[in-house]
Every structure is written in structure tokens, then in C-alpha cells.
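Below: one structure, written as C-alpha cells.
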Amino acid sequence: MNSNQHSATQSVNKTEIKHTTCAYCGVGCGIKAEVNPAKRTVNVIGSDQHPANYGRLCSKGSALGHTISTDGRLLEPEINGQQVDWNTALDTVANGFSDIIKQHGPDAVAFYVSGQLLTEDYYVANKLMKGYIGSGNIDTNSRLCMSSSVVGHKRAFGLDTVPGCYDDFQQAELITLVGSNTAWCHPVLFQRIKQYKQDNPNVKIVVIDPRKTQTCDIADLHIPLNLGTDVWLFNGLLNALNEQNKVNHEYLDQHCQGFENSLQAAQASSGNLNALADTLGVPAQDLQTFFDLFCQTEKSITLYSQGVNQSSSGTDKVNSILNCHLATGRIGKPGMGPFSMTGQPNAMGGREVGGLANTLAAHMDFNDDSIDRVQRFWDAPNMATQPGLMAVDMFDAIDEGKIKAVWVMATNPVVSLPNADKVKAALEKCDLVVVSDCIADTDTARLANVKLPATGWSEKDGTVTNSERRISRQRGLFEKAGNAQHDWWIINEVAKRMGFDSGFNHTNQADIFREHAALSAFENSDAEGHRLRDFDLSNLQTLSDEDYETFEPIQWPINAEFPEGRDRFFSQGGFFTPNRKANLLGITPKLPVNLPTNDYPLRLNTGRIRDQWHTMTRTALASQLNQHISEPFVEINTENAKQLNIQANDIVSVKSKWGEMLGRVVINENCKPDTLFAPMHWTQVLSKQGRINTVVNPEVDPFSKQPESKHTPVNVSQFSAQWHGFVLSRHTTAWPEVDYIVSAKGKQHNRLELVHGTALNNPTQTMLAWLGFDNEQQVSEQGLELLSYQDAESGLYRLALINEQGALQAVTMIAPHQNLPERTWLAAQFEKESLNKRARNALLSGYAPAGEDIGRIVCACFSVGEKTIEAAVKSGCCSAEAVGDQLKAGTNCGSCVPEIKEIIGQMDLGT
Ligand SMILES: Nc1nc2c(c(=O)[nH]1)N[C@H]1C(S)=C(S)[C@@H](COP(=O)(O)OP(=O)(O)OC[C@H]3O[C@@H](n4cnc5c(=O)[nH]c(N)nc54)[C@H](O)[C@@H]3O)O[C@H]1N2
Ligand SMILES: Nc1nc2c(c(=O)[nH]1)N[C@H]1C(S)=C(S)[C@@H](COP(=O)(O)OP(=O)(O)OC[C@H]3O[C@@H](n4cnc5c(=O)[nH]c(N)nc54)[C@H](O)[C@@H]3O)O[C@H]1N2
Ligand code: SF4
Ligand SMILES: [Mo]
């Protein structure tokens, strides 16, 4: 090797370490990224210094390196499907918005943004709409996520303050998880709690969730209350606290108001224990155990998430929880407090900038003083004077033609909003739909007039705030892909072209951050010197670009009083209400608005799975994340399955008054009778009819306008399938005309799951067509070998194509039933350069040669299959730890440990 070659190799292999934050959930894990800029690769490791995760990562975070390819990225601006340059695209957006505003006023336009924008992006989007366009019509997908918590906090504390911090999780003696599948949705916090419990076996954990989830794995007690009944439960708890003399009257007298009122309402709804247990649908004894535990354990923390927020009584659920903590003074002290776990990486940052339509900016609302203050700070020419339309109402207004232009940034409402077909129809008829996304093909981008390519995680640079108010840096690891631009830059450019030059001349992200910090500090104290607003970054107003670059994670507020940030609020009161006292509220429980009927007798609950993020635009790019669960499913109780004559793996149709979806059935005891669970993730890009939100009702909470995503009356029926099949193919194939299609990326292949309601006329011919061939001759002309098996009588057809080098190109099978071979072994054959004889022989049966079948993947991090785990258990590994020692399964992110335990448990039962 000469010296030139040597240095070229060196620069190609040169890696650098950068510290950044995970792209996904609100835990906000720190990442140490080993970046190779030349190869555009990154090795992602948990940062052991970051106080959110201390080195841990979950399956999604660990797979980030597999989602950064430029394949599938939106790389150029487009207008009506045609690539254009940035000038044209930006002018089109600016002129389009300006023209509509001129003709119809500022309320005829809207922005629909996201908790996945960075704070800097979010800040300028909010400023443009509320200060310059002059409308409140900017709302965010956080409306669907934690707006009930925001309103709950404001009603009780005066402002939207999260009183505690993650450290409390490891100081509490009772941890109550309400409506949270922490194991799958906040996996690193779950790992921290699990470790803490292992080290401190006396710590008690209670899970309050209608469904049995993987989170129950660490629970001492699971309370599967009926959907939507949390207020009854927490009213009952308040009543019990009072009866057991656990109310902290000193704290109440000094720092709170409204206790009597809250207690009266609680008494009115509680009745006796048996009546209450009946309402909740749980054993009275378990309820009593929970009440006793809570009453007796001073160091008690209540963590909650979407089972609380996404409800037509979401805000009331939040306040019923806050009531119990305020009444006991268990708030803002080590190991004590209510804690809303935020979903998105920057849900909290969005709240800080005021990105919700009913907030203004920097934790200020639409009152005269704040409007005037923000107007002066921004020197705003057209200040909005009232809240704008909130998500569901915003899309209704688009549907009605009242809003004529909408700019959607970093969210996919055609999939994630309830009554999703209406959302789709609304966008179809909207005059101007602008979509900023990093991914080219999303359900929403398909309806855009203008597509703007945004930089994605690994290119973006800025700040995010996690659930415990900790601000961390996301740092750019690579050059921008193609012609993508940062969201803040795109917004500023549009603003300038709309004639708003002066407010949008930021030189970089740091410049925006300084302005954001300065606004938080602006006129933020009363005559006595009390901070008026909790959110205060006064010490960061003059942060230099260099300081911003090296910024270390810190919890707000960051001001003269708390220069190192603040972990807790309110142990000594100091609420942000006019008299600085917290409010306990009298809450009358309410049932969900839409209740089951004869036509729709079941209740649909929805949520998340372990390895996918929302609408899957990014996680589905990492093949290992598609292995654990690769199809939209409908979880149903054994009893209902029997009644409906539904078998495991059948395809079912779920219908409501609003729409229909198809999913594969999973039968177990996780859901209570007459309730179902389905994941929110599948889209039209990845499935023909897997979007659950076509079915979900658009009912909202009256205070927060957060949709009731967890409760819709539905019916279920078996989809009468004539055949089931799949295609695994090295090259992407077009979708055939069949009723049920789900697509998933695998390693070196793509997978289509297919089901159809009528018989195939000429199966072999049709299957060849799926693979892109008109006839067998074409196959051989391309130098491919065709293996084929057909048994017309039993309806089994199988085809495989092998190239001249002996590598598998495609395999497809159909059968009249759903008992097709596991896809795992077949999928693995695509990774082989050439198939050996054993493999070729096994190919058409689809069943792996002895010893090679690993079964369905359980551990996504190390691709360990169910059958491998079963074999290890048989050979003597009797615990999840032992399985981990032998196979590594469960030893990285640990999210599959509950499932490994389940497998061990089931095998115990069988022997
Ligand atoms: N893997 C993964 N992790 C994620 C995400 C993801 O897409 N994938 N998204 C992130 C985001 S944005 C969010 S908001 C969080 C959400 O995190 P979670 O809220 O934990 O997730 P969900 O699965 O939506 O719902 C949680 C639970 O609420 C229960 N539930 C339903 N109705 C009720 C009820 O009436 N009362 C009670 N007590 N419980 C009920 C459901 O059965 C479900 O198990 O996850 C974040 N983390
Ligand atoms: N039925 C049901 N529906 C639900 C829920 C539920 O539990 N049940 N949960 C709700 C909740 S809590 C949430 S948070 C929402 C989430 O729903 P969405 O926000 O619609 O889902 P995502 O897939 O996260 O959409 C983010 C989009 O932004 C793009 N993107 C990623 N990074 C960037 C970036 O930096 N810039 C830009 N411009 N684009 C980017 C992604 O490619 C993707 O298209 O879903 C809600 N919908
Ligand atoms: S828990 Fe997982 S998804 Fe959430 S921030 Fe940490 S690594 Fe990312
Ligand atoms: Mo969320």
C-alpha cells in the first residue's frame, strides 16, 4: 500500500465520537455516537454520563444506526410530484399562504406541527403563526399525546409544571404506573425501575391498566380496571386517604385550596368498596390492597401516560391523581409525586415554546398581559389575540373549507388522528397542503401539493426537553442528505418571503435558542420578586455559540436561584396560581361519551408495540425492528374469540361507526372480555387496510380537546379468506390486487403478507406475476431457476427463484389456511450467497432443516428466536438470566425479558 492509499483508507475509516440524544421517546436517552462521516455510518451506544439513561438504550434507540440511509428519504423539494429548486418551493409556500391570508384572513391558514421538532424549529413556527401571521392556528400532535396533562397541571398548579424527576423513581417505596405500558414505551425508565426493585425487594409496584401488558412483569399488583374508569379509582383513593387519616392538613392549609370540595366529590362517587370494585370491574380485595399500600407509603410516586391522557375524561383523570398527591403533600420531595411521562422526544419543548393552539409562548397563555408582553418582545406586527383551533377541530375546519392552507411538519395525521379517513378526505380537498418530512413516502405526504425535505435525526442540530424537564442537545452527525434543510431554516425562509424579514434573521440554531431563553426570562417576576412563570432560562440568554455546542443536559429552570437547574418543585408550595396555592378539584367521574351498542358491542383500546415508533416511517427501515411483530394485529380475549368463532392468526375486520380495518388475530387473556387492543402503527404505505385510526372515534376531552384514542365501540368479524400467502423477495415487488396486504422490510429482502377473499384462478401463473414475470420462459431467460410445488387438491402452491450463483431471489407460498411456515428461516436464506443442498430441499416445504429453525424473533437486538430460547430452556436454562447468559437474548435493552419469562413459564406448565 503506498502512502496515498494508506491515508485514503485512514480517512474512510476515521471515526469521531459525538454526543447526542435519541430520536424517539420522551425518556430522552443520551447517545454516544461513533460516527464515520465518509461512510455515513454510525455505531450507537448509550451514553453512560447522561442522567436519563446512564448508558442504557432500548431496541429502537439501539437500531438508530440502521435508519439513517438516504434510501427512502425525501431529498428534493417537490410541487405536485415534480422536483423543484428551493427558491421555487419556498416562494410557492409563502405566496400560497400570503394570498389566502389576503383573501380570507389569517384564520384561513394553519400549521399542524409536532413534538418531534426541535425546540428551535418549534419556536420559529410558533412565532410565525402567532406573532406575524396573526392566528392561533398552530396545533401539534402533542394534542393527541399529553394535552390533558398540560391542562391538568395548569388547573392544579397554575402552570404546566412537572414537579419531579427521574431520580424519584429510584427513591420511592411505592411506584404506581397508571395507563402506561412502560416496558414497551419508556423502556429505559422501565429498566431503571426494574433494577431498583431488584436491589430493593421491599419496593412495591402497582400497574393500573385494563390490559395485562409486559409492564405487569414487575408488578406486585395489577389492577385491570374497566376502560375509562380511573377517576372512580382515584376518587376512591382520596376517600381512603381521608378515612385512614393520611391527609396532610398542614400542607393543605399552607399551600392548597379546594380540598373539601374534592373530598365531597370523591365521597359521592366512591360508595362502598364493593360497589366501587364493581364499577371498576376488579376484585374488591385488590382495590383495598392498593388503597392500603398508597395510604401507608409516604414515599409514593404515580407515573402515568396515555391510558390517562387519551380519554374523554383525560384532564379529570389527571386531576384526580394530582388531588391524591396534593392531599398528602407527597409532591416535589424525593421519591414522591405525580409524574406525567411524555411520549415524544420534544413533547416538553413544544410546551415550552407554546406550540399548542391554546397556549401563547414560554408558558404564557392568551391573556391581555401576556399577549402584550409577547407582542413587545417579538415586536410582532400581527399578534394573535385568541387561541386557535385544536387538532381535531383544525382538520374539521379544513374539511369544511374554512382553513384553506395547512402546513404539516414532522407528523403524519392521516395515520395518527382519529377518524382518519375524514382527515384524509379533508386534506384531499384542501387548496394548499404543504408537508415537511424527512421521508419521501408517507400517508400524509401522498396528499401534499408541496413537499419540503427536512433533515432528519443524525443531521439535525438543536435541543430537546425530556419528561423530567431536562434539556439536551441533539447534534448533527452527518452532512444534510441531498437537498434537505433544517426545519427552522425552512420556516424562517418562508417567513421572510411572506414579508416578515426582521423576526426571522437568525444566524443559526443557537441564535434561536438564545431568543427562546430571553423570552422565558422577559418580565418574569412580580413586585415581590417571585418568578411569575416556572419556565425560566434566564441564565441561558447569552449562551455563546461555543457554549451551545458543548451544552450539557440540564433541568429547567436555569436562573439566578437555580444556576445548575432544578430537580423538584412544590415541596414548600409556591404554586403558580394568583395566590400561589394549588387547587384540588372536585371531580365527578364520567363514562366515555360513545358507549357500546348492539351493533358495536365491543370496546377498542389502542396503543403501541415494543419495536415500532408511531407511523413507522423510520423504525420500519431497520429490518431487525420488523421481526418481533410484523403485522397489524387485534388482541382479543379467549371468551370473545370463542363466541365469534375466531381462531388465532385469522384475519378479522374491526368496524365502528367511523370506519373499518383488517388485522390478524391474537387470542389471549390480556384484554378483558368485550375489549380489544390494536396497535396504532400501521399505515397505507405499509398495509392495505391496517390503519386503526380509520376506526377510532373522534371524541375529545372537553378541557384539553385530546382525543379519546383508547375507547371506541366496535364490532369484530372474521374476514372470510379463501387463501393466505406471502412473498419474500430480494427486489421490491408491486402490490397485487388482493384484500389484505402488509409489507415489511427484512434483511436483504422485502416481505408481503397476503390474504384474499376469493380463490385465485391460476395460482402458479398469478404467483409468477407477483414476482414480476409473465411466464416461466421469462424466468429462465433471466437465468433464474424456478422451483415449484403445487397441490391443487389441497390448495398449496409454492414457488422459489434461485439465481445462477445459487442465491435465493424470491419465495412465495399460498395455502387455504393460515398455517403457513414461519418466515424466519426462509428470510434468513436471503443472507446466504448460495443455498446448499439441504437448504434447497427445505425451501419448498418452507420448514427449516433440523436444528436451523429459530422460530419467531423474540430478542430484536440479537435476533434470537422463540425456538432457540425454548431449546435453551429445555437444556436447563430456567430463568431469563440463564437464557441471557447462554444466548445473549435480553441482555442489551432488556425489553424482551418479560416475554422470555413467559416462554419459560409456558414450558413449565407443559412439563
Ligand atoms: N415502542 C414505542 N414507544 C413509544 C412510542 C411508540 O410509538 N413506540 N411512542 C411514544 C409516545 S409519543 C407516547 S405518547 C408514549 C405512550 O406510552 P404509553 O402510554 O405507555 O403507551 P400506550 O400503549 O399508548 O398506552 C398505555 C396503556 O394505556 C392503557 N389504557 C387504555 N385505556 C386505559 C384506561 O382507561 N385507564 C388506564 N389506566 N389505562 C388505560 C392501555 O391498555 C395501554 O397498555 O410512548 C412513547 N414511546
Ligand atoms: N389510535 C391511536 N392513535 C394515536 C395514538 C394512540 O395511542 N392510539 N397516540 C397518539 C400520540 S400520543 C402521538 S404522539 C401521535 C404520533 O403520531 P405522528 O406524529 O403522526 O407519528 P410519527 O410517525 O411520529 O410522525 C412523525 C413524522 O415526522 C417525520 N419526521 C421525523 N423527523 C422529522 C424532522 O426532524 N423533521 C420533519 N419535518 N419531519 C420529521 C416522520 O418521518 C413522520 O412522517 O399519534 C397519536 N395517535
Ligand atoms: S427509551 Fe429507547 S426510544 Fe426512548 S429515548 Fe431511550 S433509547 Fe430512545
Ligand atoms: Mo405521544
Side-chain angles (χ1 to χ4, degrees), residues 21-31 44 46-47 50 52-53 56-64 114-116 140-147 149 176-192 207-216 223-231 233-234 280 303-314 317 321 340-347 411 416 457 464 466-467 472 592 603-616 619 625 628 635 670-672 675 677 679-681 706 708-711 893 895:
T21 310
C22 177
Y24 301 118
C25 86
V27 178
C29 296
I31 282 176
V44 164
S47 157
H50 198 289
N53 55 318
R56 296 175 178 89
L57 290 179
C58 77
S59 55
K60 296 181 299 303
S62 304
L64 270 167
S114 161
Q116 290 166 74
T140 147
N141 62 356
S142 291
R143 179 72 51 202
L144 322 176
C145 187
M146 26 50 36
S147 54
S149 281
T176 306
L177 296 156
V178 194
S180 158
N181 186 5
T182 328
W184 281 9
C185 298
H186 295 93
V188 164
L189 293 182
F190 182 78
Q191 294 307 324
R192 286 179 63 172
V207 171
I208 297 174
D209 190 313
R211 233 173 105 222
K212 179 168 177 269
T213 65
Q214 303 286 335
T215 305
C216 298
I223 301 204
L225 79 183
N226 288 334
L227 284 165
T229 57
D230 304 67
V231 173
L233 176 75
F234 285 94
L280 299 177
L303 311 180
Y304 63 92
S305 190
Q306 297 315 342
V308 170
N309 293 329
Q310 289 173 338
S311 157
S312 54
S313 53
K317 288 185 182 186
I321 294 173
S340 141
M341 284 187 285
T342 53
Q344 300 179 86
N346 202 28
T411 175
S416 53
W457 182 88
V464 289
N466 73 4
S467 296
S472 295
R603 297 164 193 259
L604 172 73
N605 173 8
T606 66
R608 295 163 167 75
I609 62 172
R610 190 187 81 191
D611 290 348
Q612 295 297 346
W613 177 259
H614 297 159
T615 73
M616 298 169 70
T619 38
L625 296 181
H628 182 238
E635 198 169 68
N670 292 350
C671 291
K672 296 174 86 168
T675 65
F677 177 84
M680 64 163 293
H681 305 288
Q706 176 154 358
E708 175 132 79
S709 315
K710 302 252 183 281
H711 185 277
C893 76
S895 321

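Every number for a ligand or one of its atoms is a count from 1 in the order of the listing. We're numbering straight along the sequence, starting at 1. Only heavy atoms go into these numbers, but all of them, side chains included; no hydrogens, no water, no symmetry mates.
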- Item | R610-ligand 1 polar pair, N/O distance under 3.5 Å | yes

- Item | Distance from atom 38 (N) of ligand 1 to nearest protein heavy atom, with residue and atom | D230 OD2, 2.7 Å

- Message: Heavy atoms only: which of P224, S305, G115, C185 lies closest to atom 3 (N) of ligand 1?
- Response: C185

- When distances are taken from atom 12 (S) of ligand 1, the protein heavy atom at minimum range is H614 NE2, 3.0 Å

- Considering only protein heavy atoms, which is closest to atom 14 (S) of ligand 1, and at what distance to one decimal place? Q306 NE2, 2.7 Å

- Item | For atom 43 (C) of ligand 1, closest protein heavy-atom neighbour | D209 OD2, 3.3 Å

- Note on the structure: among protein heavy atoms, the one nearest atom 10 (C) of ligand 1 is W613 CZ3, 3.3 Å

- Can you tell me which residue and heavy atom of the protein come closest to atom 20 (O) of ligand 1, and the distance to 0.1 Å? N181 N, 2.8 Å

- Task: Between G607, S895, G179, C58, flag the one that comes closest to atom 26 (C) of ligand 1 by a heavy atom.
- Result: G179

- Note on the structure: The protein heavy atom nearest to atom 34 (C) of ligand 1 is G307 O, 3.3 Å

- Backbone or side chain, does any N or O of R211 fall under 3.5 Å from an N or O of ligand 1? yes

- Query: Between R608 and ligand 1, is there a nitrogen or oxygen pair with a distance under 3.5 Å?
  - Reply: yes

- Message: Q310 versus ligand 1: do any nitrogen or oxygen atoms come within less than 3.5 Å of each other?
- Response: no

- ligand 1 and D611, any nitrogen or oxygen pair closer than 3.5 angstrom? no

- Task: Only counting residues at least two apart or in another chain, list the ones meeting salt bridge (Lys or Arg N to Asp or Glu O under 4.0 Å) with D230.
- Result: K317

- Task: Using a strict 4.0 Å cut-off to heavy atoms of G228, name the atoms of ligand 1 that fall inside it.
- Result: 34 (C), 35 (O)

- Query: Should you measure from each heavy atom of N605, which atoms of ligand 1 turn up under 4.0 Å away?
  - Reply: 31 (C), 41 (C), 42 (O)

- Query: Around atom 8 (Fe) of ligand 3, what protein N, O or S atoms are found below 2.8 Å?
  - Reply: C22 SG

- Message: Only heavy atoms of H681, strictly under 4.0 Å: list the atoms of ligand 1 that pass.
- Response: 7 (O)

- Query: With a cut-off of 4.0 Å, which atoms of ligand 1 are near a heavy atom of I609?
  - Reply: 1 (N), 2 (C), 8 (N)

- Heavy-atom nearest neighbour in the protein, as seen from atom 32 (N) of ligand 1, with distance rounded to 0.1 Å: L227 CD2, 3.3 Å

- Query: Which ligand 1 atoms does K60 reach within 4.0 Å, using its non-hydrogen atoms?
  - Reply: 1 (N), 2 (C), 3 (N)

